[in-house]
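Shown next, in structure tokens, is the structure this report addresses.
The figures that follow rest on heavy atoms only: side chains count, while hydrogens, waters and symmetry mates do not. Predicted, not measured: the structure shown is a model, and the values here were computed from it.
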Amino acid sequence: MVRLVRLLVLVLFFGFSGLVSESHAQVLEAPQVVLNGIPFDVTVRAEGATGLQLRAEQRAYPVTLQDGEATVRVTLSGGGTITLQQNGATIAETTPTAIPKWFSILPPLLVIVIALVTKRVIPSLFLGLWLGAWAALGLSGTGFVVGLFDAFQVYILGALADADHAAIILFTFMIGGLVGIISKNGGMQGVVSKIAGWASSAKKGQLSTALLGLVVFFDDYANTLVVGNTMRPVTDRLRISREKLAYLVDSTAAPVATLALVTTWIGFQVGLIGTAVEQIDGFDVAAYSVFLNSLPYSFYPVLAIFFVLVVANSGRDFGPMYEAEVRARTTGQVLGPGAKVDTAAESEELESKTDTPQRAFNAILPIAVLVIGVIVGLFVTGEGETVQDIIGDADSYKALMWASLAGVLTAAVLSIGQRILSLEETVEAWYAGLRSMLFAMIILVLAWALSSITEVLHTADFLVDVLGGAIAPGFLPFLIFLLAAVTAFSTGSSWGTMGILMPLVIPLTWAVLEDNAMTDPEHYYILYSAVSCILAGAVWGDHCTPISDTTILSSMASGCDHIEHVRTQLPYALLVGGVALVLGTLPTGFGFPWWVSFLLGFAVLSIGMRMFGKKADAATA
């Protein structure tokens, strides 16, 4: 009996000790990784405890509990253990991984540098991810190896396992599949034929090309391939140079895709924005709402489209483009002497079947279902008194998934119901379109993983510590635009640029606002402008570089010498980009009304073309 009592006492004692240890383990919470010299928050939970203090590196921090919890700001200079003491006795302790503060910027910086050198985004992102995972393990020898596997098993898996991320991936794949079906069933060609039939002069031919570039808004790749290949015979007949066709195609593709509410870009953008804003405490605006609010500050994409319409309508050009247009009008040579043309972009996957009826309805209805479905989904899932409140409260991921599925099913039913495509052919067309989005999705997943690494490493905290007091918040969008443009120019990838910069820039912008006591909704426009500048700068750099995928596709689909396309488009892109920066991004960063900036931009571009542009048709008179 005595032995039994002793056994029970021992069990109770050790059980109670285990409970105490368990309790103590929950009392003290610190970040997994901390930066030496950068303050961080330590959370203490101890219901009803008194006489508490934190100790770190021989420094004492008083703990004042409120409702059993306290947050204490702690700074480490060389790492070490943080202890929670009660009346001088240690009751809990934790040892976060401490790394040099400058190391937190290395993963994203490495990504940018390697991308600039190699022109390859995916290897750059993975190497940056590996470096970040190694840093999170304390930069140890074994951590170098373990970090490689953590990069894949922890961070990439975590990016894929997130429900919102999965929704974005599925939505984007479904949009790609929709493009595949409506291209294969002849619907897209029907839309193109209706627009092309109106072209009877050089002016109308250019306006038709620009209009078609706006109609095919849901994917930049589909835009360049469909518009370029379709309008090339029309513009050749009207003696419009291939350089001009490539410009019209290129300068409507990415700009309209980044502005339209439902495109293959939207899932990518919203996914990046959503992950970035999750890192911001005190900012509760939904990712899709952030995107919508950023549109008024998207000066370059809007002005680029406007300038395309000005060029097409006025018949005026300047620089190398004017020379190309004069050559085409006077000699009928739409290509310059010695032009090297690659027609590899004439993809069979985007061509309809032989003898397929080209009914525009088969493309218009699925796209209408997609667009209307998103709007309906936002109103169904959101609540509020105003439209902005409803959209801000809505579950955009759910709305996008509903709408994309409805659009694909509509396209499939139309194709099979009219016996244009069989069930097997419809699935194959859907899969072909889906497959075209795979590369972008790989970039997106790696960017999500890198975003989680920068959060673990407190990269934004380091940047604010270094730059927070040195940069005026209003000047930040201007710098972000330039950084995005340089990155896109050097890498040739708008999507890669967004994937690299979005997870870094949004938390940095918020931290700079926080450092300047500007986190009230009145100053949210700076954050919205920063988001738009990543997108706009990426598109601008994309338009200026000869290694851009869409620039190359525009040359190929238009049957234009690639270098000539870059050479003739560059002056136009530089002009529009300069106006967007000087009259748009810079003044609106300091509170200037965005709509006034647009009016000024429209006026300057119109007057500038009127003053310096010349009509190629006049040279033939």
Side-chain angles (χ1 to χ4, degrees), residues 162-179 181-182 187 214-219 256-278 280 282-298 301-302 361-414 437 444 502 506 521-522 524-525 527-529 531-532 535 594-595:
D162 184 276
D164 290 342
H165 292 176
I168 291 299
I169 292 172
L170 291 174
F171 162 75
T172 306
F173 277 147
M174 293 298 280
I175 295 294
L178 174 63
V179 173
I181 294 174
I182 64 177
L214 299 180
V215 170
V216 187
F217 63 87
F218 41 82
D219 180 64
V256 73
T258 196
L259 291 172
L261 301 184
V262 183
T263 71
T264 54
W265 286 53
I266 184 63
F268 187 80
Q269 293 170 354
V270 171
L272 291 173
I273 293 170
T275 301
V277 297
E278 286 175 0
I280 300 176
F283 184 79
D284 58 356
V285 180
Y288 194 77
S289 185
V290 171
F291 166 73
L292 293 178
N293 283 307
S294 74
L295 293 181
Y297 304 96
S298 298
V302 173
F361 177 78
N362 289 334
I364 293 174
L365 182 59
I367 294 172
V369 169
L370 175 66
V371 175
I372 296 172
V374 171
I375 297 173
V376 172
L378 291 174
F379 276 87
V380 169
T381 60
E383 296 181 357
E385 297 181 359
T386 65
V387 173
Q388 185 173 359
D389 291 338
I390 293 172
I391 293 177
D393 181 68
D395 187 339
S396 59
Y397 299 115
K398 186 179 292 184
L400 292 171
M401 289 190 70
W402 287 349
S404 63
L405 177 60
V408 168
L409 291 177
T410 302
V413 168
L414 288 173
M437 303 306 303
L444 181 56
M502 193 76 76
I506 291 181
E522 182 182 351
Y524 281 3
Y525 70 89
L527 181 65
Y528 298 144
S529 181
V531 170
S532 72
L535 310 179
W594 58 267
W595 59 271

- Item | Residue pair H165, T275: steps toward the side-chain contact (heavy atoms from CB on, under 4.5 Å) verdict | CA-CA 9 Å; H165 292 176; T275 301; 2.8 Å; yes
- Exercise: identify the closest heavy-atom pair between G373 and A403: C-CB, 3.5 Å
- Query: Going by heavy atoms in the side chains, are V290 and L527 under 4.5 Å from each other?
  - Reply: no
- For A399 and L378, work out which heavy atoms get closest and say how close. CB-N, 3.6 Å
- Heavy atoms of L535 and M502 approach each other most closely as CD2-CE, 3.8 Å
- Would you indicate whether the side-chain heavy atoms of I182 and N362 approach each other to under 4.5 Å? no
- Message: Run the side-chain contact (heavy atoms from CB on, under 4.5 Å) test on I506 and F283 for me, step by step, so that the C-alpha distance in whole Å, both residues' side-chain angles and the decisive distance to 0.1 Å come before the verdict.
- Response: CA-CA 11 Å; I506 291 181; F283 184 79; over 6 Å; no
- Item | For the student: nearest non-hydrogen atoms of A287 and I273, plus distance | O-CG2, 3.9 Å
- Task: Compare all side-chain heavy atoms of V376 with those of W402 and state whether any distance is below 4.5 angstrom.
- Result: no
- What distance do L272 atom CG and F291 atom CZ have between them, rounded to the nearest 0.5 Å? 12.0 Å
- Query: Going from CG on L370 to CD1 on I375, what distance comes out if it is rounded to the nearest 0.5 angstrom?
  - Reply: 10.0 Å
- Query: Do T258 and S298 come close enough that some side-chain heavy atom pair is under 4.5 Å?
  - Reply: no
- Query: For the residue pair Y524 and Y528, does the interplanar ring angle fall in the parallel (under 30°), tilted (30 to 60°) or perpendicular (over 60°) class?
  - Reply: perpendicular
- Query: How would you list, by chain and number, every residue that makes a ring-ring contact (aromatic ring centres under 6.0 Å, His included) with Y525, sequence neighbours excluded?
  - Reply: none
- Message: Using 0.5 Å steps for rounding, measure from the OG1 atom of T410 to the CG atom of L405.
- Response: 9.0 Å
- Query: Do you know which two heavy atoms are closest between Y297 and S532, and how far apart they sit?
  - Reply: O-OG, 3.1 Å
